[in-house]
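The structure displayed is predicted, hence computed values, not measured ones. Order of appearance sets the numbers: ligands from 1, and atoms from 1 within every ligand.
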Amino acid sequence: MGDELRVRLYRQAPLPEADLRVEEAAGSGGRPAEEPGPGEVRLRVEACGVCRTDLHIVEGDVPAHTLPVTLGHQVVGRVEAVGSGVELAPGTRVGVGWLASACGSCPACRSGRENLCPEARFTGYDVDGGYATTMTARADFTYPLPDPLGDAATVAPLLCGGVIGYRALRLAGVLDRPIGRLLLIGFGNSASIALQVARGLGWECHVATRSETHRDVARELGAAWAGEEPEPDSVDAAIVFAPTGRLVPVALRAIVPGGAVACAGITMTDIPSFPYALLYRERVLRSVANATRRDALELLELAARFGVRSEVETFPLREAREALARLAASELRASAVLVA
Ligand SMILES: [Zn+2]
Ligand SMILES: [Zn+2]
């Protein structure tokens, strides 16, 4: 095989049967590399996180928008070539996340909610992503990465799990007040990043999870409380990371009047009915969908300032299928990241 590789999905199916191919890409064997179009950059990919959404796309839990497609939407790379109208200097390290583009003119875009744009296109889903040695992206949807963030593999999980956790902080009201008490229900990588940011901002963090290991990690990261069942009326805001609808009334019960619960997952089992008293007194229940460029830029800046850490397990790019299989089997100790 040549130097340039990409991992493309040709047909959705449960992982053992999915047609996911490691193949040569443009630029191999003396063939020319893909040239970025106007407003685009070509990146030399250094690392790309493996997200559960990638698994949903492979296995057909979400319908494919275009096939074949190169997966991957938590990309750290260096600018290698730029199209016309792009000012980014070659060598600049940037990140690319789930939002590949938005229309810029619809009511959602004009009101600062490009994450809800009906014309939004997504990286590694509508357009080719970062399970590759190079990729092209819209320059205005890339994020310059502050230097103190650290090496590419540990930065990658910030670009999806981190940003979604940060948007959940915003929707739960954590960014509106300098102090408060936040409950995180479920404690994977996204929650761990959210905890570190919320602590940095001055909030006290509580973590409810069935996993004793996760409770230990939460305490190490400074959680004031970690347990299984949160106390009623004990926090000002809550984020439900676990995809378990039964936990929504638990979260509502835990927040004080005027508090908010944000559900950060893209899927969730049914929410059982609950008494109106759990919502009354101006409590708010809402979900999070995607994230805006502002969310990403703010999160990256805060992550650099607070020294936010992610635990990662790296895999060579050509072992993408193995990484996805380990994720599917819940066998990963940390966030999987593919490295070139
Ligand atoms: Zn993702
Ligand atoms: Zn729009």
Worksheet item: At the Zn ion (ligand 2), what's the angle from Cys103 SG to Cys106 SG, rounded to 10 degrees?
Response: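 The two atoms subtend 110° at the Zn ion (ligand 2).
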
Cys117 SG to Cys109 SG via the Zn ion (ligand 2), rounded to 10°, gives 110°

*Give, for atom OG of Ser211 and atom CD of Glu228, the distance between the pair rounded to the nearest 0.5 Å.*
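It is 10.0 Å, given to the nearest 0.5 Å.
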
Scanning both residues in full, the closest heavy-atom pair of Asp236 with Ile255 reads C-CG2, 4.3 Å

Specify the closest pair of heavy atoms between Ala291 and Val163, including all atoms of both residues, with the distance to one decimal.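 So the two residues come closest at CB-CG1, 3.2 Å.
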
Before moving on, can you tell me the angle at the Zn ion (ligand 1) between the NE2 atom of His73 and the SG atom of Cys160, to the nearest 10 degrees?
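About 110°, to the nearest ten degrees.
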
#### Entry: Side-chain ion pair, Glu80 and Arg42, N-O less than 4.0 Å
yes

